[in-house]
Student: 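Dropping the structure in here first, questions after.
The chain is numbered in sequence order, starting from 1.
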Amino acid sequence: MANHSLAVPNHLVVTDHLAVPAHLAVPDHLTVTDHLGIPDPLSVAGDLAVADHSLSLADHSLVIGQEFTDVETCRRSLKDIAIALHFDLRIVKSDRSRFIAKCSKEGCPWRVHVAKCPGVPTFTVRTLHGEHTCEGVLNHHHQQASVGWVARSVEARLRDNPQYKPKEILQDIRAQHGVAVSYMQAWRGKERSMAAVHGTFEEGYRLLPAYCEQVKKTNPGSIAAVFSGHENHFQRLFVSYRASIYGFIKACRPLLELDRTHLKGKFLGSLLCAAAVDADDTLFPLAFAIVDSESDENWMWFLSELRKLLGVNTESMPRLTILSDRQRGILEAVETHFPSAFHGFCLRHVSENFRDEFKNTKLVNIFWSAVYALTAVEFESKISEMVEISQDVMQWFHRFPPRLWAVAYFEGVRYGHFTLGVTELLYNWALEGHELPIVQMMEHIRHQLTSWYRDRRNMGMSWNSILVPSAEKRIAEAIADSRCYQVLRANEIEFEIVSTERTNIVDIRSRVCSCRRWQIYGLPCAHAAAALISCGHNAHLFAERCFTVASYLETYSEIINSIPDKSHWKELGEGTDGGGAKVDLSIRPPKTRRPPGRPKKKVLRIESFKRPKRVVQCGRCHLLGHSQKKCNMPI
């Protein structure tokens with residue numbers, strides 16, 4: 001069936017008509033614009049509804065004299081036209097000087113001849129027979145929709161969103177182009193496009209030495225080092241920016257969280273991180289590393305690098321408090337490189353183990369009361385209650401000694417931090433970057449840190465108070481609670497605070513209260529606030545310096561500078577050994593590789609509380625049976 005509305009005599013050369021298959025013939029009642037009419041919605045093969053094509057006519061037109069920069073551009077443009085107008089293209093000739101293609105349907109006269117212009121690199125349409133007499137493609141499957149075409153189609157989207165899934169790709173191509181591609185085509189197209197946009201995984205490892213040099217060059221004082229093992233296979237990468245080192249040493253509280261997450265990229269590996277906490281209780285990443293696998297040896301190395309980092313930048317090593325899940329590798333590494341540090345359990349890990357072992361709601365509630373007990377007397381009272389319910393509690397305490405997690409016995413200062421906030425941070429980093437080559441993953445982390453520092457610096461400059469908002473709120477609550485206490489002054493520095501429950505002793509010079517809350521949290525408690533107000537002092541001035549706005553601004557005062565594009569890097573491919581012989585310095589990928597097959601749906605680890613079904617747990621006091629909104633427990 002010929003398209004009479006666009007018919008062109010066979011003996012004429014088409015100069016300004018668009019090649020349109022017969023199945024897209026324009027009914028008489030439709031208006032033809034620039035010789036093209038496409039009904040909306042487009043109907044192909046009866047009831048096959050094809051997606052709306054809001055593509056401009058210029059994108060799918062061919063005219064005599066039209067130029068292409070090279071033969072590859074010409075080939076791609078004609079494939080795009082064939083897909084958009086639903087006809088199959090057959091390439092007759094394609095070489096350095098000419099490109100000839102025709103419609104694949106036997107007897108259809110559609111044909112185009114493109115030839116190279118003399119003296120210039122461009123190609124020009126010389127001959128175009130624009131009439132289609134065939135029915136075109138009658139289904140959603142198109143021969144021209146190759147893996148390469150899929151890769152080009154999704155490249156822009158993948159540049160902004162590496163998490164673009166093959167399932168989403170095939171759905172979007174069906175909706176936008178009316179073409180059905182298989183899941184494997186979509187997956188391979190994504191892989192090819194990712195390599196074009198971000199480089200290959202292998203290239204990422206090869207560029208690591210040059211990347212580390214760029215980190216140190218653009219951010220003087222930063223630490224970036226890559227280590228390889230046998231036959232130059234990647235083993236470890238350590239990065240810490242000077243802005244992070246300065247912020248931690250000068251302004252953060254001496255508290256570090258350690259954790260890791262497993263990567264699920266092509267070559268697997270683990271992401272390790274040491275993070276501090278800023279004045280406003282926000283996570284502050286200090287150093288991170290990628291290792292070929294999580295092992296005791298790699299944890300020992302990571303803590304060694306962390307110790308060097310802090311030792312170089314501090315005259316006297318501060319006595320740190322370190323929080324982790326205390327697995328064997330971390331435990332041995334902390335004992336080796338930070339022997340004086342207080343190493344405590346993450347309560348998420350402890351509570352999960354306790355809940356799984358005893359499965360008793362009442363026991364779990366008493367456990368959380370014991371966790372937050374401020375004094376040994378209060379703690380022992382709660383232990384007695386638990387023993388009455390189950391004698392096995394004492395055996396559990398031998399495996400998890402209270403001195404490592406209970407507020408009453410832990411010697412370090414947690415500042416109210418009982419669980420690892422770094423766990424969620426690592427999960428997000430790994431989730432967002434596990435499909436990127438290692439250098440691009442590092443750049444993703446750097447971009448996020450740069451953005452955080454800028455935003456937090458601007459936010460801090462808008463505060464007019466002495467303390468950061470979270471500390472201001474706690475001080476205000478303490479002052480409000482202090483009004484019901486009777487204050488008896490013993491001397492210039494010691495006060496006796498009397499309440500209906502008990503009497504507490506406050507020493508404002510040593511910043512100590514017998515309730516222990518001031519020492520544990522670093523902020524004046526209600527008893528201290530009562531004593532300070534009674535003698536005309538400002539309670540805000542007795543908070544530890546790490547809670548001040550000035551400290552917060554100093555934490556983020558340094559800037560993480562940008563790193564030039566990899567095209568400007570000097571790739572460190574070769575070097576010489578001690579005898580002057582050339583040696584290969586390029587890093588090869590690790591020997592571990594992701595196994596074949598689709599990975600599990602939950603590919604990345606994140607800790608879970610594993611709460612019992614149908615039991616509500618308070619996010620404020622962690623007791624079971626009520627929500628945070630209805631919580632009235634004193635914290």
Student: Knowing that exactly one of Glu297, Glu294, Glu305 qualifies, which makes a salt bridge (Lys or Arg N to Asp or Glu O under 4.0 Å) with Arg236?
Tutor: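 Going through Glu297, Glu294, Glu305 one by one, the salt bridge (Lys or Arg N to Asp or Glu O under 4.0 Å) with Arg236 is satisfied by Glu297 alone.
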Student: Within the side chain of Trp405, is there an N or O that forms a donor-acceptor pair under 3.5 Å with the backbone of Pro401?
Tutor: yes
Student: Can the ring centres of Trp368 and Phe418 be said to be less than 6.0 Å apart?
Tutor: no
Student: Hey, mind stepping through Phe288 and Met442 against side-chain contact (heavy atoms from CB on, under 4.5 Å) and telling me if it holds?
Tutor: CA-CA 10 Å; Phe288 46 91; Met442 291 296 98; 3.7 Å; yes
Student: Measure from the side-chain N and O atoms of Thr450 to the backbone N and O of Arg446, and report whether any donor-acceptor pair falls under 3.5 Å.
Tutor: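 Between the backbone of Arg446 and the side chain of Thr450 there is a qualifying donor-acceptor contact (under 3.5 Å).
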Student: Go through the steps to decide whether Glu472 and Trp463 satisfy the test side chain to side chain donor-acceptor pair (under 3.5 Å), and finish with yes or no.
Tutor: CA-CA 11 Å; Glu472 285 281 344; Trp463 296 335; over 6 Å; no
Student: Taking the side chain as every heavy atom from C-beta outward, state whether Leu303 and Thr336 have any atom pair closer than 4.5 Å.
Tutor: no
Student: Output yes when a side-chain donor or acceptor of Asn298 lies under 3.5 Å from a complementary backbone atom of Ser293, and no otherwise.
Tutor: yes
Student: Does either side chain, that of Tyr241 or that of Glu558, offer a donor lying less than 3.5 Å from an acceptor on the other one?
Tutor: no
Student: Are Phe234 and Phe267, when compared by the centres of their aromatic rings, separated by less than 6.0 Å?
Tutor: no
Student: How about Phe367 and Trp396: are their ring centroids closer than 6.0 Å?
Tutor: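 Close enough - the centres of the two rings lie under 6.0 Å apart.
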Student: If only atom types and distance count, is the side chain of Ser240 paired as donor or acceptor with the main-chain N or O of Ile223 below 3.5 Å?
Tutor: no
Student: Given Glu554, which partner from the list Arg457, Arg545, Lys250 fulfils the salt bridge (Lys or Arg N to Asp or Glu O under 4.0 Å) test?
Tutor: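 When salt bridge (Lys or Arg N to Asp or Glu O under 4.0 Å) is applied between Glu554 and each of Arg457, Arg545, Lys250, only Arg545 qualifies.
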Student: Can you measure from CD1 (Ile383) to OG (Ser369) and round to the nearest 0.5 angstrom?
Tutor: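 So the CD1 of Ile383 and the OG of Ser369 are separated by 11.0 Å.
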Student: How many angstroms lie between CD in Glu332 and NE2 in His337, if you round to the nearest 0.5 Å?
Tutor: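 The CD atom of Glu332 sits 11.0 Å away from the NE2 atom of His337.
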Student: Could you go through the side-chain contact (heavy atoms from CB on, under 4.5 Å) check for Leu532 and Asn538 one step at a time?
Tutor: CA-CA 7 Å; Leu532 292 167; Asn538 185 346; over 6 Å; no
Student: Are the charged groups of Glu357 and Arg399 less than 4.0 angstrom apart, N to O?
Tutor: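 So Glu357 pairs with Arg399 through a salt bridge.
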Student: Would you say Ser351's side chain and Leu347's backbone share a donor-acceptor pair under 3.5 angstrom?
Tutor: yes
Student: Spell out, as yes or no, whether a donor-acceptor pair under 3.5 Å connects the side chain of Asn353 to the backbone of His349.
Tutor: no
Student: In terms of ring plane angle, is the pair Trp301 and Phe227 parallel, tilted or perpendicular, where the classes change at 30° and 60°?
Tutor: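 Plane angle over 60°, so perpendicular.
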Student: Return yes if a side-chain donor-acceptor contact under 3.5 Å exists between Gln448 and Trp429, otherwise no.
Tutor: yes
Student: Under the rule for side-chain hydrogen bond (donor to acceptor under 3.5 Å, both in side chains), what residues qualify as partners of Asp278, not counting sequence neighbours?
Tutor: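 With neighbours one apart ignored, the set is Tyr556.
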Student: What about Tyr453 and Phe284, are their ring centers closer than 6.0 Å?
Tutor: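 Yes, the ring of Tyr453 comes within the 6.0 Å limit of the ring of Phe284, centre to centre.
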Student: With sequence neighbours left out, write down each residue that passes salt bridge (charged side-chain N to carboxylate O under 4.0 Å, His left out) with Asp281, or none if nothing qualifies.
Tutor: Arg253, Arg474
Student: For the pair Thr555 (side chain) and Ser551 (backbone), establish whether a donor and an acceptor sit closer than 3.5 Å, ignoring hydrogens and angles.
Tutor: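 Side chain of Thr555 to backbone of Ser551, a donor-acceptor pair under 3.5 Å: yes, one is there.
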